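Below you'll find the structure, written out as C-alpha cells, and then a few comments.
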Amino acid sequence: MSQIDIQDLFDKSRFPSGWYLVSLLLYTPVGVILVLVRLFVTLQLWLLASLLPDCNALRTYLHHCLSFAFGIVVKVDPEGESRDKQSRIIIANNVSVLDHFALHRAMQTLMPSVWDIPIALSHVLGLQAMDMSSKDTLIANIKQCLSTTQCNIALQPEFGTTNSRVALLKFNSWPFSIETSVQPVAIKATRPAIASVQVTSLASTWWTDVFWFMFVPYTVFTLKYLKIKRNTDHELLAREVEKDIADALELRVSSHTVSDKAEFEKRCIMEKTHSRMLPARGSQNTQVMHNIEIQRMARQVSEVLPFVPHNVILRDLLKTRNVDITIANILDGIVAYTPEPSSRTTAPMASASRTQTSATKDNSCFGTPSFQERKAQMIREARERYIQKHGLKNC
C-alpha cells in the first residue's frame, strides 16, 4: 500500500467553486421547494408504515415513493460481471449514508442496523435491526439471518465514507469471516452539474447528508458487480476484495482506517474552533506580540521534533496557532517535510530512527500504534536527548 495523505481522502466542504457554485445558487429556490415536498412525502410514508400491516403491496408503494423522496436512481454497470447468487454476502465500498437503499433496490439486500423503525419501512430501506453490541454478537445474528431467511446481507468493511476520488479506507476483515465466498460490488454516486454538491463531507451528520439528497434533483448510484471471491483465510480475502473494488473504481488502497478518519475529524474540528476564538489583530504592536508568540511556540515544537525544518513548523503554526495540533499534524504525516541534515541532530535522529523502527516491528503484530502512543514516544525521546545534551541527572 502506498502512503497516502489522509486529508486527500475527504472533502472539508461539500460545495463546488467557480461557475458550478453560481449554478448551485441559481438552483437553490428549486432545491428548497424539492426539500419541502420530499419531507412531506417522507412523513406520509412513515405514518403509512406505522399504521398499516406489513405486506408486499405496501412495501412496493413505499419503495417507489422513497426513491422519489431521496431522488435516488440506481443503475447496474453492464461492463461488470453477472450477479452470482451463490454468494449471499455482498461486500461494497462506502460512498454515502443511503448506500443500503441503493443496494436493496438492485439486489434485495439487507444491512445490519440499530434503527428502531417500522418493519415495512426498515426492509424497504434495506435495513435489518440486529444486536450490534459486539462483533461476535453481530456475526452470530448475521449467520442466523442467513440460515432462517432467503435474504442477502450487505456489508461495507470501510465503515466510513470518503470522497471516492483518491483511495478507499482499509477494509476491516471480520465481515469476511462469515462465509468463505463473497460478492464484491463497486459503487459510484454522481449528481447533475447544476447541483454539484458532494455526497458527503468531513464531520457531516447523517441527517445533513439526507437533506442534500432531497435538495438535489437526483443522485445516480452505479453498481458494478465483480467476480465472486473465495478464500478460507478471511484476512487474505479482505485484501483481495479491497484491491478488486479499488481497481474497478480506479482508486488506490490505503492503510488509513475509520479510526484514523475519526482522529482526523477531531483535529479539524479543533483547528476550526481554535481559529474562531482567535482575537482580531489590528495594531502593529499586537502583530509584533503575535510574531513573538509564534516564535516561542516554534521553539517548543523544535524541542520535541528537532529534525523538522523551522520554516515548516512556522508555516503550520500560522494555520493552527497551537503547539499540540502542529506536533500532531507533523507526527501524523499531514505536514510534509524533508528532515534537516544537521550534524548535531544526526546521532539523535539515528537513535530515534532505530527506536521507531524497533517499535514499528514490535507493533506490527498488534496493528498500527495510535496517535497518542506515537506522540508520547516522540516526547520521551526528545526529553532523553535534552537530558544527555545538558548532562542532567536524576530527572
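These values consider heavy atoms only, across backbone and side chains, with no hydrogens, waters or symmetry-generated copies. Computed from a predicted model, the values in this text were never measured in an experiment.
The one candidate from Asn322, Thr326, Asn311 that meets the side chain to side chain donor-acceptor pair (under 3.5 Å) condition with Asp316 is Thr326. For the side chain to side chain donor-acceptor pair (under 3.5 Å) with Arg14, the qualifying choice from Asp209, Asn163, Thr200 is Asp209, the only one to do so.
A centroid separation of less than 6.0 Å is found between the aromatic rings of Trp206 and Trp115. Checked against the 6.0 Å centroid threshold, Phe15 and Tyr20 do not count as a close aromatic pair. Aromatic ring centroids of His63 and Phe101 lie under 6.0 Å apart.
Under 3.5 Å, the side chains of Thr109 and Asn152 contain no donor-acceptor pair of N or O atoms.
Across Thr161 and Ser96, no two heavy atoms sit closer than the pair CG2-N, 3.7 Å. Across every non-hydrogen atom of Leu138 and Pro112, the tightest pair is CD1-CB, 3.8 Å.
The main-chain N or O of Val97 is found under 3.5 Å from a side-chain atom of His100 such that the two form a donor-acceptor pair. The backbone N or O of Leu146 lies less than 3.5 Å from no partner atom in the side chain of Thr149, so there is not a single donor-acceptor pair. Panel note: side chain Ser254, backbone Leu168; a donor-acceptor pair is recorded below 3.5 Å.
Ion pairing of Glu263 with Lys266 is absent here, as no side-chain N (NZ or NE/NH1/NH2) approaches a carboxylate O to less than 4.0 Å. Residues Glu242 and Arg239 are paired through a salt bridge, judged by an N-O separation under 4.0 Å between the basic side chain and the carboxylate. Residues Asp11 and Arg165 are paired through a salt bridge, judged by an N-O separation under 4.0 Å between the basic side chain and the carboxylate. Under 4.0 Å is where a charged nitrogen must lie from a carboxylate oxygen, and between Lys227 and Asp244 no such pair does. Salt bridge annotation for Lys170-Asp260: absent, with no cationic side-chain nitrogen under 4.0 angstrom from a carboxylate oxygen.
Hydrophobic clustering places Val241 together with Ile142 (ILVMFWY residues linked when any side-chain heavy atoms are closer than 4.5 Å, directly or through intermediates).
Both tests hold for Arg38 against Phe68: distance to the six-membered ring centre under 6.0 Å, angle to the ring axis within 45°.
Ring geometry for Trp174 against Phe159 counts as parallel: the plane angle stays under 30°, on a 0 to 90° scale with 60° as the upper cut.
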Q: Given side-chain contact (heavy atoms from CB on, under 4.5 Å), test Trp212 with Ser204 step by step and report yes or no.
A: CA-CA 11 Å; Trp212 290 107; Ser204 64; over 6 Å; no

Q. Between Arg296 and Glu293, is a salt bridge (Lys or Arg N to Asp or Glu O under 4.0 Å) present by the stated rule, with each step listed?
A. CA-CA 5 Å; Arg296 184 189 64 79; Glu293 179 66 12; 2.4 Å; yes

(Q) What verdict does the side-chain hydrogen bond (donor to acceptor under 3.5 Å, both in side chains) test give for Thr180 and Arg230, after you've listed the backbone C-alpha separation in whole Å, the side-chain angles of each residue and the deciding distance to 0.1 Å? (A) CA-CA 6 Å; Thr180 57; Arg230 295 181 175 87; over 6 Å; no

Q) Can Met111 and Ile153 be said to form a side-chain contact (heavy atoms from CB on, under 4.5 Å), step by step? A) CA-CA 6 Å; Met111 189 174 292; Ile153 298 295; over 6 Å; no

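Annotation for Tyr61: atom OH does not count as buried by contact number, only 12 or fewer foreign heavy atoms lying within 6.0 Å.
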